[in-house]
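Take a look at the structure set out below.
Counting starts at 1 for both ligands and their atoms, following the listed order.
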Amino acid sequence: MTGTTRNAPAGKPVFRFAPSPNGALHLGHAYSALLNAEMAARLGGRLLLRIEDIDMARCTPAFEQAIYDDLAWLGIGWEEPVRRQSEHFDAYRQMLATLTDKELVYPAFMSRGEVRALIADSEDGGLNWPRDPDGAPLYPPADKRLGDSERRRRMDAGDAFAWRLDVEAAMAGVGPLTWAEFASEEMRAANEVEARPQEWGDVVLARRDVPTSYHLAVVTDDALQGVTHVVRGEDLRQATSVHRLLQALLGLPAPTYFHHRLIPDANGRKLSKSNRDTGLDALRAAGKSPGDVRRMVGL
Ligand code: GLU
């Protein structure tokens, strides 16, 4: 593993960069990582690197190694050991168990195809199915209404299911929530933002194939790693509503957030991992320097 090891004393602000090794890092990741490093340095804080590899079908060791190589090339240091989410499924299971005990999660049996069909039926009937902030349809309420014995029967029969959060019940228990969002990367002032997790419907907390989901893993890790400052892309701003709710339900501290601008591609579109031109490996191969990358992302 490459990268500088920095051992900083506890009690300092803790930032993290948390990429998923399911593709090559691009300019947007470079901006996020460099901004995290810069903001951590500004506060004399620490920077952690977390590998978000719960999706073991899409994440590969080669992409993970490329993350270390790219960050080292950019001159970004991080602390060892790096936390790999795939090595901490037990921690996520424990968090889920807390929510199961509170009866705030339920097994959701409908497959994507079934959900699609049900929604198509309903929309054919003239109803507009509600969508989440990413545009995906909210999960239908049918499974939430299943009786205990039917649930047990289907689970015992080995039917595949995901665990979903009953967001209405969860919100009823905790009341209104807000999170603190820095007004700028200067971090001089923060605004209170109202969390509206209902907009996401009953989110998945443990997938059919993995004993966690992005939301549960990120909240668990930020707490277990003592993260005080979450700096990530604007595209995750709305997900913070769900994260704030999970923190409240699980009794975890809430970091302060800063959701930064996204780096567009040459056509003004959002960068994606499949866009080869803006991959850091491609830029490096084309002779660009880390300084060029900083300029390209406006740092
Ligand atoms: N792993 C996520 C991604 O690569 C980022 C998660 C986060 O920063 O909360 O988009």
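- Relative ring orientation between Phe15 and His229 is described as parallel, the plane-to-plane angle staying below 30° on a 0-90° scale split at 30° and 60°.
- At a threshold of 4.5 Å between side-chain heavy atoms, the hydrophobic network of Ile, Leu, Val, Met, Phe, Trp and Tyr places Leu205 and Leu224 in two separate groups.
- Protein residues with any heavy atom under 4.0 Å from ligand 1: Arg16, Ala18, Pro19, Ser20, Glu52, Tyr214, Val218, Arg232, Leu236.
- Both Leu99 and Met155 are part of a single hydrophobic cluster, where members link through side-chain heavy atoms under 4.5 Å apart.
- By the 4.0 Å N-to-carboxylate-O rule, Arg261 lies too far from Glu234 to be salt-bridged with it.
- The pair Asp222-Arg50 counts as a salt bridge, with a side-chain nitrogen and a carboxylate oxygen less than 4.0 angstrom apart.
- Classification of Asp143 and Arg164 as a salt-bridged pair fails, no side-chain N sitting under 4.0 Å from a carboxylate O.
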